[in-house]
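A short worksheet on the structure shown next.
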Amino acid sequence: MVLLACLTAVIGMLALNGLPQPYHPVFNVPEFARASRDKFFLCIEASDPNFDPQSTREFLERLHPREVMEVAS
């Protein structure tokens, strides 16, 4: 019974998180291949109703990143 509860919890968590996700538009960015070497890659999606492209770009550039890129889906 405990094993069944654990498996249900894991499967439910994966389903609610939308995982596994075999495709995402960010995978088409050539710099994404460096994510495993650089150990960091940040993706901010525009699906949030409070998302503003200009203010988000300005905020990220104030943090002095190596690069800020916009990815079209």
task: Kindly compute the distance separating CG (Leu60) from OG (Ser55), expressed to the nearest 0.5 Å.
output: 9.5 Å
message: Does atom CD (Glu67) have a neighbourhood of more than 12 heavy atoms from anything else shown, all under 6.0 Å?
response: yes
- prompt: So, for Ser36 and Ala33, which heavy atoms are closest and what is the spacing to 0.1 Å?
  reply: OG-O, 3.6 Å
field: Closest non-hydrogen atom pair between Asp52 and Thr56, with its separation
entry: O-OG1, 2.8 Å
Indicate yes or no: at least one non-hydrogen side-chain atom of [X] is less than 4.5 angstrom from one of [Y].
X: Arg62; Y: Arg57; result: no
X: Val68; Y: Pro65; result: yes
X: Val71; Y: Asn28; result: no

field: Residue pairs fulfilling ring pair (Phe, Tyr, Trp, His ring centres under 6.0 Å) with at least one residue in residues 40-60, sequence neighbours excluded
entry: Phe32-Phe41
task: Each residue besides Leu19 in its hydrophobic cluster should be listed here, by chain and number; the cluster joins Ile, Leu, Val, Met, Phe, Trp and Tyr at side-chain heavy-atom distances under 4.5 Å.
output: Val10, Met13, Leu14
